[in-house]
Peer 1: 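Supplied in structure tokens, the structure appears directly below.
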Amino acid sequence: MKLTDEERSNLDGTGGEPLRIATQVLVKLGDSYDAERLVPIASAHLVACSYQIAGEAGIDVYARLVEAGARVRVPTTLDPGSIDFVRWEAFKTPAHYAQRQLKIAELLQAMGVIPTWTCTPYYALNVPRFGQHVGWSESSAVAFVNSVIGARTNRLAAYVDLCAALVGKVPYFGLHLAENRRGQVLIDVAAQVGEHMQGEDFAALGYFIGGLVGDRIPVIRGVCDASVDQLKFLSAGAASTGSVALYHVVGITPEARTLDEAFQGGTWEDVLPFGRRELQDTQDRMSTFRAGKVDVVGLGCPHASIAQIEEYLRLLAGRRIHPHTELWVCMNDVVESVARQMGYIERLEAAGARIMTGTCLNDCPLDAWQFRHLVTDSAKFAYYTPTTVGSACHFTGTAQCIEASIRGYVGEGHDE
Ligand code: F3S
């Protein structure tokens with residue numbers, strides 16, 4: 001790789017040990033992908049900030065970096081941690097576990113990060129513009145920032161993201177190059193599906209695509225409209241079942257104003273039809289139980305927006321959730337603060353819901369709850385929570401999730 005004088009002096013250790021190690025990691029990564037140079041980034045987003053991911057080894061690494069004077073060089077936000085920093089006791093998190101997460105928070109903040117603790121940093125505090133290079137991890141956020149905003153990042157691994165933040169650069173390869181952002185697979189959405197898609201349909205579309213395209217770049221044709229929240233659902237689904245880091249939706253995302261632009265004048269390697277049958281088959285596959293008592297309904301994956309919270313309240317319509325069912329709504333601190341000022345948090349809590357910030361059902365220890373049956377509208381929760389929470393999962397629409405939280409059951413024959 002061609003290195004600048006400053007990068008060479010970083011490697012010599014002139015800027016201190018953290019900068020030397022971080023630069024070395026990035027240069028080795030770049031060399032292995034034949035990158036010609038490092039490129040400056042506008043921001044970083046870190047994933048190994050949760051105790052669940054970082055563990056004791058991460059605490060050891062962070063403590064050594066802080067002792068050696070490490071500081072991030074670009075605005076750097078954090079993915080969810082493993083506790084609700086305010087309500088961890090109410091969520092039955094063991095005290096020793098919470099203390100370890102708090103230790104990680106203390107160490108990362110000593111390095112100058114912005115403590116957002118969210119997978120939706122793009123709602124506030126870390127909003128890149130089109131075409132900017134960034135160094136992000138968190139699969140759903142990477143897919144969103146590449147596809148919906150048109151900023152450029154590879155899907156960074158834990159700790160490589162921190163190296164990017166410490167150096168303020170990433171190796172210039174992969175999705176940082178315009179020619180590598182060309183679509184490869186055409187997803188042909190049938191007109192009956194594409195004209196009236198709900199949030200759960202976008203989640204299922206993402207789940208379908210990720211499972212079939214792997215790390216290739218899909219171009220979706222036939223979707224008539226999509227809100228930012230619906231694209232967030234699509235991003236999370238595609239990045240869970242596959243390694244999709246960038247997709248295009250013709251007429252909607254910024255690098256796909258036309259089909260031709262999405263494929264950069266070329267053509268596709270494969271065509272995958274997505275009609276009513278594929279939609280139904282995918283939604284069926286996303287559930288591991290069809291009917292029964294519901295222990296917990298998980299909403300806000302990725303973290304909920306104000307518009308989604310308004311939708312939850314509209315669907316609740318003043319009703320209370322069932323006494324044997326939990327309704328957990330995950331969001332970030334910024335959204336919670338605004339929703340509180342709007343009276344929304346009080347109304348959700350009055351209905352019996354719990355607000356979870358700083359983490360999510362997938363990232364915090366839930367053994368004490370013994371959840372067996374989870375209902376969600378999120379493709380990512382549907383994909384991961386059977387393993388992380390250890391529960392069976394029923395995937396459905398947001399409206400049906402709210403109904404399940406009120407009835408305490410899904411399926412027929414249990415109305416009380
Ligand atoms: Fe975010 Fe947790 Fe879902 S990190 S994307 S709410 S699994």
Side-chain angles (χ1 to χ4, degrees), residues 45-54 77-85 88 91 93 101 104 115-126 136-148 155-156 158 161 199-200 202-204 206-207 210 228-245 286 296-305 308-309 312 327-336 353-366 371 374-391 393 395 398 401:
H45 182 73
L46 310 185
V47 79
C49 49
S50 78
Y51 183 54
Q52 186 190 66
I53 294 174
T77 46
L78 301 180
D79 218 40
S82 294
I83 60 171
D84 182 313
F85 287 84
W88 58 265
F91 282 108
T93 307
Q101 178 62 68
I104 292 176
T116 48
W117 305 108
T118 185
C119 48
T120 53
Y122 44 80
Y123 281 163
L125 304 169
N126 193 351
W136 284 28
S137 50
E138 163 53 42
S139 60
S140 72
V142 164
F144 186 95
V145 80
N146 269 317
S147 313
V148 182
R155 187 163 143 158
L156 297 186
D161 50 12
E200 61 269 27
F202 281 92
Y207 196 99
V228 166
D229 286 323
Q230 288 171 333
L231 294 170
K232 179 181 72 173
F233 272 140
L234 174 61
S235 303
S240 298
T241 50
S243 337
V244 173
M286 293 165 78
V296 61
V297 175
L299 299 176
C301 168
H303 280 173
S305 66
Q308 287 175 284
I309 293 167
Y312 306 153
L327 171 60
W328 290 9
V329 182
C330 307
M331 65 188 76
N332 67 39
D333 280 345
V334 175
V335 169
E336 188 204 5
R354 288 180 197 267
I355 309 305
M356 178 177 255
T357 60
T359 186
C360 72
L361 279 97
N362 199 32
D363 279 327
C364 62
L366 296 177
F371 290 143
L374 169 129
V375 174
T376 186
D377 61 354
S378 160
K380 188 164 174 182
F381 272 169
Y383 187 74
Y384 285 110
T385 51
T387 311
T388 54
V389 178
S391 65
C393 176
F395 171 81
T398 307
C401 284

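Every number for a ligand or one of its atoms is a count from 1 in the order of the listing. Everything numeric here is computed off the predicted structure, so don't read it as measured data.
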Peer 1: Return yes if some donor-acceptor pair links the side-chain N/O of Q101 with the main-chain N/O of C49 below 3.5 Å, else return no.
Peer 2: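 Answer holds: yes.
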Peer 1: Using a strict threshold of under 4.0 Å (side-chain N to carboxylate O), is an ion pair present between E138 and K380?
Peer 2: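 Salt bridge flag = yes for E138 with K380.
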Peer 1: Keeping to distances under 2.8 Å, can you name the protein N/O/S atoms close to atom 3 (Fe) of ligand 1?
Peer 2: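 Hits for atom 3 (Fe) of ligand 1 below 2.8 Å: C301 SG.
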Peer 1: Look only at the side chain of N126 and the backbone of P121, and say whether a donor-acceptor pair between them is shorter than 3.5 Å.
Peer 2: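 Not at all, since once roles are kept as given, no pair shorter than 3.5 Å links the two residues.
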Peer 1: Between F381 and W328, is the ring centroid distance below 6.0 Å?
Peer 2: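 So the answer is no for these two rings.
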Peer 1: Taking 4.0 Å as the limit for heavy-atom contacts, which would you say applies to L361 with ligand 1: side chain only, backbone only, both, or neither?
Peer 2: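 For L361, there is no contact with ligand 1 at all, from either part.
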Peer 1: Donor-acceptor pair, distance only, cut-off 3.5 Å: does the side chain of T241 make one with the backbone of Y207?
Peer 2: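 Checking the backbone N and O of Y207 against the side chain of T241, a donor-acceptor pair under 3.5 Å is found.
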Peer 1: Assess, by modelled atom type and distance only, whether the side chains of D79 and H45 contain a donor and an acceptor separated by less than 3.5 Å.
Peer 2: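 Short answer, yes.
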